[in-house]
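Labels below follow one simple rule: chain letters A, B, ... track the order of the sequence lines, proteins then strands, and each chain is numbered from 1. All of these numbers come straight from a predicted model, not from anything done at the bench.
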Amino acid sequence: MAEKRLLLIDGNSVTFKAFFALYTALGKFTNSEGLHTNAIYGFNTMLETMLKVVQPTHALVAFDAGKTTFRTKMYDNYKGGRAKTAPELSEQFPYVKELLAARGIQTYELANYEADDIIGTLAKQAEEQGFTTTIVTGDRDLTQLADDHTTVSISKKGVSEIEHYTPAYVKEKMGVTPAQIIDIKGLQGDNSDNYPGVTGVGPKRAVELVSTYGSIDGIYDHLADITAKKLKEHLIADHDQALLAKQLATIKRDAPVEKTVSELVYKGDDYDQLVPFYQKMNFNQFLSKMSIDGEAPTATPGLEEVTYTVLTADNVTELPSFTDGCEFYLEMLDDNYHTAELAGFVIGHNDQWWVSRDTALLQQAPLKGLLENADIAKQVFDAKRTFVALQRLAVTLTGVDCDLLLGSYLLNTYDNSNDLGRLAMEHGYHQVATDEDVYGKGAKAAIPDDDDVFFSHLARKARAIEQLRPQIFKDLADNEQTDLYRDIELPMAFVLARMEVAGITVEASELEAMGSKFTEQLAEIEQTIYNEAGEEFNIGSPKQLGHILFEKMGLPVIKKTKTGYSTAVGVLEKLAAEAPIAENILKYRKIAKIQSTYVEGLLKVIHPDDQKVHTRYLQTLTQTGRLSSVDPNLQNIPVRNEEGRAIRKAFVPSHPDWEIFSSDYSQIELRVLAHMSHDKQMQEAFREGQDIHAATARRIFKMGPDEEVTPNIRRQAKAVNFGIVYGISDFGLSQNIGISRKQAKAFIDTYFEEYPGVKAYTERMVQQAHELGYVETIAHRRRYLPDINSRNFNQRSFAERTAMNTPIQGSAADIIKIAMIRMEQALKDMQATMLLQVHDELIFEAPASEIDTLAKLVPSVMDSAIELEIPLKVESHYGPTWYDAK
DNA sequence: CGGGTCACG
DNA sequence: ACGTACGTGACCCGG
């Protein structure tokens, strides 16, 4: 007999999961009638995966019937206190059922019972009839149903990420058998279902108790063996609660389900229903997938045909003049556009496309003129990348109107894929493949030899830019982000491009000299460490190091990581008092880091032609609006300790008798906080030019006017200020400055009393995040915080801290970006060149003769970039190397 | 390819 | 009861 495979899905749970997994894209998932479709889409994605993996012969999706069940009769507050289901979600349930009907899968619900109980009951029947069963849910409680013939698949974060629980995996992951899950639940209760277990027992303790005594009954049989006094008291006091909780957690295996397993035959897709359904939902991707699989004769094809003309030296002059603007895309396989081979390009408009592999054509008329003509609007994807690459051909891209990547990132910081095909998909446009699909991935990635494959892909990219542009601009306008896009981010792209192209000179000889010195030092320390350890081992391996320190030498274990012993700085510093080896390891680590990352790392990326390094600033990556820097990262060159700082001696001007000049904002984040919070006290401190950390110390420690602020007290106040900016928690602060949590809480409370405006600000940001789902910077940069309503404490807390921090960090990023754009203008008649940005600092090179001018000009541009309620302060330094510009 | 560690603001 | 400071990137190890 053929194998019988049953697929059982918890419809409510999976729909919920899908809804929240695609929550940030909620706005993108609507059909033409305004119905939200993200949960339906996510559900179907999950379903596709499961159908493929399980290949079921039978299937059913169970739903909850209503609010009252036999459990609410047992316990009034069962699932009480739950937030009402969002209407955007509840409207989707009927369509999930319609989808399932079209896919040939039955649905079922039963009054007084939850979906779990239907599943438990049918799984039991199936077991008796020799089925192999797969249960799909988002709820870990169902792992209690795992057995030799039943796997429980839990959809994790995303809808496509699925974890399969067999009994062995349950044991490994949760530390108990499937049958013991209910005992765990009995002890710890369930917050989301709103019932308590035993006071003081969390997951850790519950697992410990259950694995020792087997079950709740086992624990109460051996109460005498339990020595922890408090625990025992709680166990005794909460016995009834524990038994009730266990009962509530137990899934029924004998619910009065009127269906039998044999009735659940999976019929497969009904195209007459499914195709119109997908069309109604606007699920173009699922539609095209059907046709690729060759299953549905009526569906639209995967990708629409695209026509194009191949450009050559002969016909290039026949190009139109594009007075209405044009789309342009320059293809490179490698990320690093400073060096990547230029593989081809596409240009066109109104769905008329011209393509070529011959990028030399771009250097000739009419293309060069067109690209350099400010009056011909260009629509591109990643303007900075395109600009820098064209600059290598001596073509200066001018007149960019739309950068699809930049616009998309501003709308939603998560929509920042460097792959046009992927990004288009995130906006619901499916008529262009991803680069991975066309070019392949990893080492095997290559531009196709087949002209039609390559050119069609290019033409589709240009068409995607043309099609998506109106929507992006409309959405930006709706979000009041047009100014941010037009006046800050788009000009910023070209400022950054020119900084990247300029590069900064690094003296290889200086690095090499340092390198040989470090090599010697490392060899010496290495020997000392081997002697102290009594054997040779790899000091760079935390695993081997942990073995030596804590097993062989028997040093006390101070902290553990997920995988073993922690050997982080804090731990080694504590050990240093009793073991000199710890001190030496710290020394070794410090030098090894400088050597590998900065000496060797930088030497590898110095360009042989010009002795410079050319970083790439990622403008569409961070969630706050900051830049990041890669290949190499020039935003984390050492400065805090002397050995590392010496690396900066290798960064020099590119001409003799020039200097490195640097200006940085002083306390910009706290000033932004003082501005945004309107806090009177904090503003006063800044207006009077006080040392803000000392002023804070006076306030939170209630010091008299004559009392001296000692360095230690100031350090503590500084940590509190930082904490506030990061979105404070008493735990975090206590860890940072080594005080008790209680003391930390007292500090924070006093801080908020002294700076009530700051307190109101933090509360306002968290509230806004709850109400609108996002927070904003001064320039309307937006960050969505989907986890702000999470029932997971950790996720929610993180989102809350982020809600406080992002407007501050992000507004500081807005400010320096404005300054950079104005700076470039201000420098246009000077030789001085802006080279680097390090978040609150700008670095230039300039002839010595221009330094006096710069020393006035740069701070004035920077501190007037934006008008705040308090002044901005800028400090400047210069010298013959970056090291000296301090 | 993820985790640990450490460099920066 | 939960278990955290915010934002990044590069290197090394080991599976």
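Position along DNA chain C of the nearest nucleotide to A:Ser629 versus A:Arg741 favours A:Arg741 as the more 5'-ward residue.
More than 12 heavy-atom neighbours from other residues, nucleotides or ligands sit within 6.0 angstrom of NZ on A:Lys232.
Looking only at atom types and distance, the side chain of A:Thr881 has a donor-acceptor partner in the side chain of A:Asp884 under 3.5 Å away. Using a 3.5 Å distance cut-off with no hydrogens or angles, the side chains of A:Ser677 and A:Tyr755 do not pair a donor with an acceptor. Between the side chains of A:Thr567 and A:Arg589, a donor-acceptor pair is found at a separation under 3.5 Å. Between the side chains of A:Ser629 and A:Thr615, a donor-acceptor pair is found at a separation under 3.5 Å. Residues A:Tyr565 and A:Glu551 have side chains that bring a donor and an acceptor to within less than 3.5 angstrom of each other.
Taking 4.5 Å as the limit, some side-chain heavy atom of A:Asp335 sits within range of a side-chain heavy atom of A:Arg616.
A donor N or O paired with an acceptor N or O is not found under 3.5 Å between the base of B:dT5 and the side-chain atoms of A:Arg589. Side chain A:Gln809 to base C:dC6: a donor-acceptor pair is found below 3.5 Å. On a pure distance criterion of 3.5 Å, no polar donor-acceptor pair joins the side chain of A:Lys543 and the base of C:dC13. For C:dG7, the base has no donor-acceptor partner in the side chain of A:Arg783 [N/O atoms by modelled type, under 3.5 angstrom]. Not a single donor-acceptor pair, N or O on each side, falls under 3.5 Å between the base of C:dT8 and the side chain of A:Ser628.
The phosphate of C:dC2 (OP1 or OP2) has no side-chain N or O of A:Ser797 nearer than 4.0 angstrom.
Secondary structure note: stems in DNA chain C built from 3 or more consecutive Watson-Crick or G-U wobble pairs under 3.5 Å occupy B:1-9 with C:6-14.
Between the C1' atoms of C:dA1 and B:dC6, the separation comes to 33 Å (whole Å). Going from the P atom of B:dT5 to that of C:dA5 covers 14 Å, rounded to whole Å. If you take atom P in C:dT4 and the same atom in B:dG3, they sit 14 Å apart, rounded to whole Å.
Atom OH in A:Tyr588 sits roughly 14 Å away from atom C1' in B:dT5 (whole-Å rounding).
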